Amino acid sequence: MFFGLGILRGMNITLMNFIRSYTRKRGSGEIGALTTVQYPEERLPEKEKFRNFPFLIYDDKPEDLRCVACDICAQDCPPRCIYIVKETDEAGKPMKKPAVFDIDFTVCMNCGICEEVCPFDAIFMDHEFEIADSDRHDKLLYHRDDLLKTNEHFHKIRPNDGREVDTRLAEAKEAKAKKDEARKKAAEAKAAAKAKAEAEKATEAKEDKPPETEKESDPQ
Amino acid sequence: MPQLEFLIKCGVYGLMGLGIIAAVGAVLLPNLFHAGLALAFVLVTIAGIFMSVGAEFLGMVQILLYVGGVMTLIIYTIMLTGRLGAKDVRAQNRQGIFAAIAAGFFVCWIGPLILKTGAWPQRESDSAPPLLSVEDLGMSLMTEYVFPFEVLGVLLFAVLIGAIVIARQDRPS
Amino acid sequence: MFEKMRVKTKVIDSGKSGLDTQTLEVNVGPQHPSTHGVFRMTIVLDGEVVKSLRPVMGYLHRNHEQIAENITYSASMPYTDRLDYFNSMSNNQAWAMTVEQLAEVEIPDRAEYIRVIMSELTRLVNHVSVIGFLLNDMGAFFTPTLFAFREREKVLDVFEAVSGSRMMCNYLRFGGVNRDLTDDQLGQIKKIVADFPAFLDEFETLLAQNEIVCMRCQNVGVLPAELAINASITGPMLRASGVNYDIRKVDQYSVYDRFEFKIPLGEKGDVYDRYYVRMLEMRESLKILNQALEQIEPGPFMAPKVPACLKNPRNFKPPVGEAYGRVEAPKGELGFYVVSDGSKEPWRYHVRAPSFINLTVLEAMCIGYKLADAIVILGSIDIVLGEVDR
Amino acid sequence: MDQMFVNIKAALVGLSDKVFPDWVGVLVSIAVSIVAIALLGPLIMMYLTLIERKVVARMQNRIGPNRVGKYGLLQPLADGVKMLIKEDIVPRNADKVLHLLAPILIVAPALLVFAVLPFGRNMTAVDLNVGILFFAAISSIGTIGIFMAAWGSNNKFSVLGGMRSVAQMISYEIPMVMSVVPVLLAVGSLSTNAIVEAQADWHWFVFTPWGFLGCVIFFLCGVAECNRSPFDLAEAESEIIAGFHTEYSGMKFALFYMAEFMSAFTISGMTTTLFLGGWQGPLLPSWLWFFLKTYGLIFIMLWFRATLPRLRVDQLMALAWKFLLPLSLVNIVATCIWHFLSDEAFFTPAAFLVPLALLVFSYWGLMKLNQPYMPEKRVYPLVD
């Protein structure tokens, strides 16, 4: 074979790429077209499932966050980057609310397990990735108030998931209402009937307790 | 234009001075690598002097062969032989006396020649062609000096063969 | 065949020439442009010829195995992403298969197909980047790498859409996969698979027949089949030495028995064979992908009889026993060995990392070659330090 | 238009003649040339970096620098500022003096060669009658600078790079000079101006068989001389980090790059002068022709860089000694044949075909003799 033919063929490829970088449209995906995305001005469309760092969700007021400080995510987090302390009321009794909810973003590895295990749909993975900071210790340790984001934000970044979660929560709410009703009925029945009815009520309540999700129930 | 002549003279004398300093350095510098570089610089200044007196061809050949070729090889050798860790390989010289005697003889031989020439090389006029054109040089090499030229050629040939023999020695048969 | 090669690059014995020569010891790495991470080679050079080479590993040691023994089974999944960070999908698959073997979980068909599609896409990504890096090590100034990354990007986009992350996918779960593939995503994959051959042709024309590449690669870093087997080399490196051993064929795990594909074998086991076998493997992967995309049917993507591990990962306690799961990862046989004592955490967890084991023959392959060859040979092994050091 | 720059210089000299004595005029004339060259060199280098980045980027489906100024036109300035304000690190055990002198000694020869480049009609700064020899001599000095950098850095990688580079430069100088000899034979002068004049009326030497081969050999050797891909072994970043300039940072590092890019330009310019007719060309001004041809060759250099991997040391030497050198020697014979057969005419069929046959034959013969370096064909069985 003629020595140098392979070199010439290879050089033809690079030359074609050079020419096509001018003739073909940028980002069209054709061979030879430019692939650069001019990042701060242009952005690729966000994928819905894209996950970066977690955030805590609230519905109406920042005080009413969905998180009940059950500590499941903290225990399941592979690098153990979540730290939760329950809030206590005046009497010192723990409330279903986190007083401290810290996530160390320098440790977090964006695996999304906290979102998967949360039974209350309270923690989700955000799309926000521009959180670079020159301070690696304090600025990237996110506290509860830094993590709070609205349900609207969640709907904005993940519309399909938002809808799904909302229906799920609505169903759970309905179930809870039903349960309350049942409880009320049971109470009436209790007033009417004797200890037998009480046992019935207990089983009923237990059945109704978990919300209608594929996720596991509240261990509490 | 005497002013220009003066400037050129200044330049040439400066070059000569630098050359002498570098030559002294080449002999006295403790570090072989530095000494080699100083020698290379001497050769460059000599080439500069050649050029200033109109022997451009000679000056260029001086740089091409001596600086680009010979000196590079010498420095290469120094670099390879000097232990890389210990840079201060002293330029040991136990033959200082003999060297001085040899240098003295050389000066005695060449000194009168130097004294015979004037303080400044005389040129007939500025626009005259150089004293020795490339063609003249080639012609004289091929006619008058053809024997030394051929002998040198044979010598180089022998050197080449020797180099090949040395290089081949390590190869398996 | 090998004798001829050896003659050409015999180490020149400095004692014979009678000259007092000195060898030069250089540290290539841990900070060096082409050791693919923080790998270090202590090379003793005679001129430019490698006289001895000592690989030094452990600069990226992250205690992976110990960590895994202290966290739950499912929490190890994202850690396996970080072993060989180019191929998180096949790492996930190996770990999932190991635990499924331990807990005896049956996986639905669709999940198996998704796993195969994902791991074959991973193979494309890996091989294409490795070839790019290899050529880069040879001095082709980033063109092959960037061409490779141009295609890799398309696959990573799919990974991101499916799993949420481009490289650290954490996509597989014991008993299936995390999410189902939508038809959109399947279409996207189909397009990638359809476009890929054209790219491979371009990639091959760019440098595969290039005389300089041939000169640099052919008869360099020869790994004889015998040594490869004795050193338990696996993957494309073994197949380049002419040994027909592919776990996809040997174990027929997952649904690989349903596909028609061949194993390309090398002739001499040199760098060029390793390079070209990868090229051919990509073409075979495309065949598998085409068949898988045709055969995949709707269905559940998680095991229907949900075992405890999926319902409540923290309380998943597999039965006492041990399991070894292995897959044909792009770099070779990736195996997870796990011993369960019935508790939430594995009692013993071990990774058989192909990069690490393939690296053990580095010195044997490099001695007698030039420094520049040593770099290319290292590149042809295809290591990822995350997996070597763990 | 053609004589624009010549007229500007004449005007400046004329201006000084009116004010100052005549000897100042000579100095001004010299100074104008020096300043022009001293500015042109770095300017060419700065924009070559930009061109290189742009061209290589386009070949790799990227845009290249486009942030600083329109189309990234101010990028070289930004780079320069960055280089200037970077910390200058000198290794503790380095030979401080040599470490400092090396970059200067590498840049100086690269800039000196500009003096004999004929940029256009009457636009040679110094029309030496030994111009080509000057070029060869000065570019051979650069090796010493590389030596100093390699040895002065006190780094093993630098020494390896230095040795590689010197072996390479000495080896490639020989076929390079040998490939110029045919031109000198045909022209009968060492002056660059005379060579360009001899190529008037489309009698570019590249159109003759020996000229074409000489052009290819000269250009390839030139690429090797200025350490560019695929012969960039001296600074092979994947093997020996950056070779002889591993230990350099800041502006000193930039000086090495300046030398590299300026020699890339001078090599291309010299190839243009020797084989491609220099500034000869229709319609456009002569200097534009020169720059067009030179940048065309530079594009080829960048193209090489974007495509080709580098050779190994022994292969590089083998290419120089076993292939290019014999071929350039045969080329001299072919030129002599051409000279005697062509009978003062530029083109006669016999004068064209006989050297061509000789060269093709020797090319083929050398290829056969260098069989071990020919790529092998492999077969890969596909099994189950």
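Chain letters run A, B, ... following the sequence lines, proteins first and then strands; every chain starts at 1. All values reported here derive from a predicted model rather than from experimental measurement.
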Kindly list each side-chain donor-acceptor pair under 3.5 angstrom involving residues 137-165 of chain B, sequence neighbours excluded, with atom names and distances?
| from | atom 1 | to | atom 2 | distance (Å) |
| --- | --- | --- | --- | --- |
| B:Ser140 | OG | B:Asp136 | O | 3.1 |
| B:Ser140 | OG | B:Leu137 | O | 2.9 |
| B:Thr143 | OG1 | B:Met139 | O | 2.7 |

Only distances under 3.5 Å count here; give the side-chain donor-acceptor pairs of residues 132-148 of chain D to other protein atoms, sequence neighbours excluded, each with its distance to 0.1 Å.
| from | atom 1 | to | atom 2 | distance (Å) |
| --- | --- | --- | --- | --- |
| D:Ser139 | OG | D:Phe135 | O | 2.7 |
| D:Ser139 | OG | D:Ala136 | O | 3.2 |
| D:Ser140 | OG | D:Ala137 | O | 2.6 |
| D:Thr143 | OG1 | D:Ser140 | O | 2.4 |

Check the pair D:Asp95, B:His34 against side chain to side chain contact (heavy atoms under 4.5 Å, CB included), reporting the backbone distance first and the verdict last.
CA-CA 10 Å; D:Asp95 193 317; B:His34 291 170; 2.6 Å; yes
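Contacts of B:Leu65 with chain D are absent, with no heavy-atom separation under 4.5 Å from either backbone or side chain.
Residues satisfying the salt bridge (Lys or Arg N to Asp or Glu O under 4.0 Å) test with D:Glu260, not counting sequence neighbours, are D:Arg228.
Two residues are said to be in side-chain contact when any heavy atoms from C-beta on lie closer than 4.5 Å; D:Leu190 and B:Met60 fail this criterion.
Under a cut-off of 6.0 angstrom, the local environment of OH in B:Tyr66 is sparse, with at most 12 non-hydrogen atoms contributed by other residues, nucleotides or ligands.
Each of D:Val177, D:Val97, D:Leu98 has some count of heavy-atom pairs under 4.5 Å with chain B, and the biggest count is that of D:Leu98.
Residues of residues 101-112 of chain D never come closer than 4.5 Å to chain B when only heavy atoms are counted.
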